[in-house]
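These notes concern the structure reproduced below.
The figures that follow rest on heavy atoms only: side chains count, while hydrogens, waters and symmetry mates do not.
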Amino acid sequence: MIQLSKLRHTDSPNFFLMAGPCAIEGRDMALQIAERIVTITDKLRIPYIFKGSYRKANRTKANSFTGIGDELALSILKEVGTTFNIPTVTDIHESDEAAMAAEAVDVLQIPAFLCRQTELLEAAARTGKAVNIKKGQFLSGESMHFAAEKVHAINPEATVILTDRGNSFGYGDLVVDYRNIPAMQSFGVPVVMDCTHSLQQPNQSSGVTGGKPALIATIARAAIAVGADGLFIETHPDPSCAKSDGANMLPLDQLEALLERLVRVREAIL
């Protein structure tokens with residue numbers, strides 16, 4: 001179990017959860033999602049970290065939604081953490097973003113496409129915050145050892161989390177190789193399965209990434225069965241109206257039933 005300030009239920013045998021909207025679309029939406037997930041995870045005793053991107057830098061089309069403004073989105077993330085007394089996580093894309101984002105959140109996330117960017121990893125490490133590194137779609141689990149090493153070389157005491165989000169399969173699909181979970185756990189760090197991005201169908205001719213959200217439960221159950229330490233799930237009250245990655249997000253009203261099933265799977269394998 002990871003140790004973070006404000007992380008509740010760390011004495012629970014359950015997996016931990018990173019969940020929230022793909023992007024911060026506004027204050028009311030973020031608080032609504034956080035309140036609902038806090039209620040669910042407190043009931044099930046699941047350690048919970050609220051996730052929301054303050055900016056979406058990796059977009060296919062130039063006119064895609066990228067955010068509501070860095071300062072506003074980060075202030076909302078900070079308010080979520082303070083209001084519900086929970087840790088928060090957001091992704092960064094450039095080295096100079098690390099210190100700014102670290103003022104608002106507890107965990108800095110390195111996007112999968114950027115997991116080899118040495119200066120970005122080092123900048124995240126210098127903040128003293130926990131660092132969640134998404135495994136590149138083009139990398140094996142074993143190769144993520146070097147990404148973790150870059151953070152620990154700057155800050156040996158840093159909390160490093162590694163997250164699998166599938167591997168590229170042709171030009172427009174992803175597959176999950178569950179061997180990556182124990183491979184990355186062998187480095188002595190907690191390992192998370194990203195149950196939503198691993199179902200993306202990138203590089204669509206429309207310029208909007210597709211997905212297969214009906215398989216989120218399948219990916220999640222398999223990850224818990226293999227022994228993942230945590231799960232990453234993007235969720236939204238109405239994914240069809242989401243401004244970013246709606247095609248692979250879980251409807252918020254389906255989250256509680258899914259987590260209840262996953263807790264039972266976890267109990268069965270312990």
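With hydrogens and angles disregarded, no donor-acceptor distance shorter than 3.5 Å links the side chain of Thr83 to the backbone of Val80. Side-chain N or O atoms of Asn14 include one that pairs as donor or acceptor with a backbone N or O of Arg45 at under 3.5 Å. Side-chain atoms of Thr90 come within 3.5 Å of backbone N or O of Gly52 as a donor-acceptor pair. With hydrogens and angles disregarded, a donor-acceptor distance shorter than 3.5 Å links the side chain of Glu97 to the backbone of Glu94. Proximity of a side-chain donor or acceptor of Asp91 to a complementary backbone N or O of Gln109 within less than 3.5 Å is not detected. One N or O on the side chain of Arg266 and one on the backbone of Pro13 form a donor-acceptor pair closer than 3.5 Å. A side-chain donor-acceptor contact under 3.5 Å links Tyr48 to the backbone of Ala19. Checking side-chain atoms of Ser140 against main-chain N and O of Ser143 turns up a donor-acceptor pair under 3.5 Å.
Within the 4.5 Å cutoff, side-chain heavy atoms of Val38 are placed close to those of Ile86. Inter-residue side-chain proximity for Leu4 and Val107 is flagged as met; some heavy-atom pair is nearer than 4.5 Å. The shortest side-chain heavy-atom distance between Pro47 and Phe15 does not fall under the 4.5 Å cut-off. Using a 4.5 Å cut-off on side-chain heavy atoms (C-beta onward), Leu174 and Asn167 make no contact. For the pair Glu35 and Phe84, the minimum side-chain heavy-atom distance is below 4.5 Å. Residues Val131 and Ile133 meet the side-chain proximity criterion, which asks for heavy atoms closer than 4.5 Å. Put simply, the side chain of Leu72 does not reach to within 4.5 Å of the side chain of Tyr54, judged on heavy atoms. Looking only at side-chain heavy atoms (C-beta outward), Tyr178 and Met193 come within less than 4.5 Å of each other.
Applying the ring-ring contact (aromatic ring centres under 6.0 Å, His included) rule to His145 yields the partners Phe187; only residues at least two apart in sequence or on another chain are considered. For Arg261, the side chain to side chain donor-acceptor pair (under 3.5 Å) test picks out no residue, with sequence neighbours left out. Every residue two or more places apart in sequence or in another chain that forms a salt bridge (charged side-chain N to carboxylate O under 4.0 Å, His left out) with Asp70 is listed here: Arg55. Residues meeting the side chain to side chain donor-acceptor pair (under 3.5 Å) test with Glu234, sequence neighbours left out: Lys51, His197. When the salt bridge (charged side-chain N to carboxylate O under 4.0 Å, His left out) test is applied to Glu256, the partners found at least two apart in sequence or on another chain are Arg36, Lys43. Partners of Asn155 under the side chain to side chain donor-acceptor pair (under 3.5 Å) rule, at least two apart in sequence or in another chain, do not exist in this structure. Among residues two or more places apart in sequence or in another chain, the salt bridge (charged side-chain N to carboxylate O under 4.0 Å, His left out) test is passed with Lys134 by Asp194. Partners of Glu25 according to the side chain to side chain donor-acceptor pair (under 3.5 Å) rule, which considers only residues two or more places apart in sequence or in another chain, are His236. Residues passing the salt bridge (charged side-chain N to carboxylate O under 4.0 Å, His left out) test with Arg179 are Asp177, sequence neighbours excluded.
Residues Arg27 and Glu79 are paired through a salt bridge, judged by an N-O separation under 4.0 Å between the basic side chain and the carboxylate.
Cluster annotation: Phe146 and Ile110 are assigned to distinct hydrophobic clusters (Ile/Leu/Val/Met/Phe/Trp/Tyr, side-chain heavy-atom contacts under 4.5 Å, transitive).
Closest heavy-atom contact between Ala30 and Ile24: CB-CD1, 4.2 Å. Contact detail for Leu258 and Leu250: the closest heavy-atom pair is CD2-CD2, 4.0 Å. Between Pro87 and Ser5, the shortest heavy-atom distance links the atoms CB-O, 4.0 Å. Scanning both residues, Ile92 and Pro111, for their nearest heavy atoms gives O-CD, 3.0 Å. For the residue pair Met29 and Ala23, the shortest heavy atom distance occurs at CE-O, 3.5 Å. Of all heavy-atom pairs spanning Lys129 and Ala102, the tightest one is CE-O, 3.0 Å.
Within 6.0 Å of CD in Glu149 there are more than 12 heavy atoms belonging to other residues, nucleotides or ligands. Residue-environment remark: NZ (Lys78) stays at or below the threshold of 12 foreign heavy atoms within 6.0 Å.
Applying the salt bridge (Lys or Arg N to Asp or Glu O under 4.0 Å) test to every pair with at least one member in residues 218-233, sequence neighbours left out, gives no pairs at all. The list of salt bridge (Lys or Arg N to Asp or Glu O under 4.0 Å) pairs with a residue in residues 152-169, not counting sequence neighbours, reads Lys135-Asp164.
Side-chain contact of Asn248 with Thr196: a donor-acceptor pair under 3.5 Å is absent, judged by distance alone.
Other residues sharing a hydrophobic cluster with Val175 under the 4.5 Å side-chain heavy-atom criterion for ILVMFWY residues are Phe169.
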